[in-house]
Amino acid sequence: MLWKASLPLLWAQDVDEQVETLATGMHPVLKAFVCGSISGTCSTLLFQPLDLLKTRLQTLQPAVNGSGRAGMVTLLFRVVRTESILGLWKGVSPSFARCIPGVGIYFSTLYVMKQKFLVDRSPTALESVFLGAAARAVSGICMLPVTVVKTRYESGRFGYGSVYGALKSIYQTEGPRGMFSGLTATLLRDAPFSGIYLMFYTQTKNLTPQDHLDPVLMPLLNFGCGIFAGILASLATQPADVIKTHMQLSPQKYHRTSQAIAFIYKDFGLVGFFRGGVPRVLRRTLMAAMAWTVYEQMMEKMGLKS
């Protein structure tokens, strides 16, 4: 299993030369955007199958073939059997369209706020919550129309031919409201996730003896801290993710967040708010940990403090 733990280090080493070339003559905020976009690209491509499984699990009917529910592994084999192995990457195009600029916006916004509000010091726990939540809110609002498209692609219920075609179709048939369906649930999911994640991530790193650690092992430390922070943040925001998914797939049915909450509770009970939790925790945890690991290594190569 050692090779799996070394993945973040390998990713960081592979991009060193490219980063040094990009750093020349670039504005610091743009550097943060580029670093975030590249880290988002890597993590999105690797963990897209987990996001697809999460979306499918959240929208399954209460009974499948007479059984109470379908598990993640059962659904995985079903997708591969009916849609081929590439079916696990359905929705990767809108995921790229969302995450490449979205993660870039998040990290560049976070960088700007740190430069404005923090002067050569690490944020406190409360400041980390505010910084992470605010940066994610900005990114989430900017990229929400693409998030709606991504969710619908992954559900398998819509036959959109392209991201642009999907956006055009949603706007024509549902108007601006459809483009921003699930906004409240998305912000209730993403802003707390990023705030909680950044708090645990920074506080965990502050507890580790980084001054005495071999620089070669820093990516592994960052990745480990990211895993711990990601698990806690994912579990805390899972109900909002389920609500968001239902609202974006059926905007005509749910005009308010409270309607989606009532439907989920009526049909699935309290456990319904945690459907798809396993693949989401795996994906969000691994994706965030890798994104932060690659981002911090790239920022260091560009001569900036992340």
Side-chain angles (χ1 to χ4, degrees), residues 44 47-83 87-92 94-95 98-99 136 140 144 147-158 181-194 196-197 227 229-288:
T44 298
F47 304 122
Q48 173 62 22
L50 290 172
D51 200 35
L52 180 135
L53 293 175
K54 178 267 298 183
T55 299
R56 298 285 180 91
L57 282 171
Q58 289 178 351
T59 54
L60 281 176
Q61 295 302 310
V64 179
N65 295 330
S67 61
R69 64 185 178 89
M72 185 179 72
V73 176
T74 301
L75 185 59
L76 169 67
F77 284 110
R78 182 186 304 166
V79 172
V80 172
R81 185 176 66 253
T82 59
E83 304 174 40
L88 293 170
W89 274 267
K90 181 176 290 185
V92 74
S95 288
R98 170 179 175 260
C99 288
R136 182 60 66 188
L144 187 61
T147 302
V148 174
V149 174
K150 181 188 79 71
T151 302
R152 295 188 180 187
Y153 259 97
E154 292 170 352
S155 72
R157 300 180 182 181
F158 297 82
S181 60
L183 173 60
T184 301
T186 299
L187 292 180
L188 287 175
R189 177 198 66 172
D190 288 350
F193 175 89
S194 294
I196 295 170
Y197 181 93
I227 291 290
I231 291 173
L232 296 177
S234 296
L235 291 174
T237 57
Q238 176 63 20
D241 185 69
V242 176
I243 297 167
K244 183 267 317 177
T245 298
H246 280 271
M247 293 191 70
Q248 290 179 344
L249 291 180
S250 305
Q252 301 90 349
K253 185 176 182 180
Y254 309 117
H255 298 291
R256 295 187 303 275
T257 303
S258 58
Q259 291 177 315
I261 294 174
F263 169 81
I264 295 168
Y265 181 76
K266 178 182 178 182
D267 278 27
F268 306 103
L270 287 176
V271 72
F273 293 99
F274 292 89
R275 290 176 64 130
V278 173
R280 178 174 180 266
V281 168
L282 286 173
R283 174 187 173 272
R284 289 303 298 262
T285 298
L286 293 172
M287 189 172 178

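Computed from a prediction, not measured in an experiment: that's the story for all the values here. Along the sequence shown, residues are numbered consecutively beginning with 1. No hydrogens, no waters, no symmetry mates; every other heavy atom, side chains included, goes into these values.
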*Asks:* Can you tell me how far the CZ atom of R189 sits from the CD atom of Q238, to the nearest 0.5 Å?
*Replies:* 9.5 Å
*Asks:* Heavy atoms only: give me the nearest S234-V281 pair and the separation to one decimal.
*Replies:*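 That would be CB-CG2, 3.8 Å.
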*Asks:* Supply the atom-to-atom distance L282 CG to M72 CE, rounded to the nearest 0.5 angstrom.
*Replies:*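 Reported to 0.5 Å precision, the distance equals 5.5 Å.
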*Asks:* Ignoring hydrogens and geometry, is there a side-chain-to-backbone donor-acceptor pair from R284 to G230 under 3.5 Å?
*Replies:*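 Not confirmed, R284 side chain does not pair with G230 backbone.
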*Asks:* What pairs with T237 under side-chain hydrogen bond (donor to acceptor under 3.5 Å, both in side chains), at least two apart in sequence or on another chain?
*Replies:*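 Result, side-chain hydrogen bond (donor to acceptor under 3.5 Å, both in side chains) vs T237: R280.
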*Asks:* Taking T55 for the side chain and T151 for the main chain, is one N or O donor matched with an acceptor at less than 3.5 Å?
*Replies:*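 Here the side-chain-to-backbone pair does not exist.
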*Asks:* Please lay out, stage by stage, how L235 and F274 fare under the test side chain to side chain contact (heavy atoms under 4.5 Å, CB included).
*Replies:* CA-CA 9 Å; L235 291 174; F274 292 89; 5.9 Å; no
*Asks:* Taking salt bridge (charged side-chain N to carboxylate O under 4.0 Å, His left out) as the test, write out the residues that go with R98, two or more places apart.
*Replies:*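 Here no residue qualifies.
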*Asks:* For residues T44 and S95, report the shortest heavy-atom separation together with the two atoms involved.
*Replies:* CG2-CB, 3.7 Å
*Asks:* Report yes if some heavy atom in the side chain of I243 is under 4.5 Å from a heavy atom in the side chain of F273; otherwise report no.
*Replies:* yes
*Asks:* Quick one: pull up CG in L76 and CZ in R56 and give me the separation to the nearest 0.5 Å.
*Replies:* 11.5 Å
*Asks:* What is the minimum heavy-atom distance between P251 and R152, and which atoms define it?
*Replies:* CG-NH2, 3.1 Å
*Asks:* Is any side-chain N of the basic residue among D190 and K244 closer than 4.0 Å to the acidic one's carboxylate O?
*Replies:* no
*Asks:* Can you find a heavy atom in the side chain of Q248 that is under 4.5 Å from one in the side chain of T186?
*Replies:*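 A side-chain contact under 4.5 Å exists here.
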*Asks:* Do F263 and H246 have side chains that get closer than 4.5 Å, going by heavy atoms?
*Replies:* yes
*Asks:* Please answer whether the main-chain N or O of G277 pairs with a side-chain N or O of Q58 as donor and acceptor at a distance below 3.5 Å.
*Replies:*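 Absent.
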*Asks:* Measuring from atom CZ of F47 to atom CG of L52, what distance do you get when rounded to the nearest 0.5 angstrom?
*Replies:*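 Between F47 CZ and L52 CG, I get 15.5 Å after rounding to 0.5 Å.
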*Asks:* Can you tell if the side chain of K150 reaches within under 4.5 Å of the side chain of C99, non-hydrogen atoms only?
*Replies:*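 They are not in contact (no side-chain heavy atoms under 4.5 Å apart), so the answer is no.
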*Asks:* Does Y265 have more than 12 heavy atoms from other residues, nucleotides or ligands lying within 6.0 Å of its OH?
*Replies:* no
*Asks:* Between R283 and D51 (salt bridge meaning N to carboxylate O under 4.0 Å), is one present in this structure?
*Replies:*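 Yes, this pair counts.
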*Asks:* Which distance, rounded to the nearest 0.5 Å, do you find between the NZ of K266 and the CD1 of I264?
*Replies:*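 Rounded to the nearest 0.5 Å, the NZ-CD1 separation comes to 13.5 Å.
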*Asks:* For the atom pair CG (D241) and OG1 (T245), what is the distance rounded to the nearest 0.5 Å?
*Replies:* 4.5 Å
*Asks:* Begin with the C-alpha distance, continue with both residues' side-chain angles, and end with the deciding distance and a verdict on side chain to side chain contact (heavy atoms under 4.5 Å, CB included) for F268 and R275.
*Replies:* CA-CA 9 Å; F268 306 103; R275 290 176 64 130; 2.8 Å; yes
*Asks:* Does Q48 use its side chain to pair, donor to acceptor, with the backbone of K90 at less than 3.5 Å?
*Replies:*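 At least one qualifying donor-acceptor pair exists.
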*Asks:* Would you name the heavy atoms of I231 and T285 that are closest together and state the gap between them?
*Replies:* N-OG1, 3.3 Å
*Asks:* Considering non-hydrogen atoms only, spot the tightest contact between G276 and L57 and give its length.
*Replies:* CA-CB, 3.8 Å
*Asks:* What closest approach, in Å, do R136 and S194 show between heavy atoms, and which atom pair accounts for it?
*Replies:* NE-OG, 2.7 Å
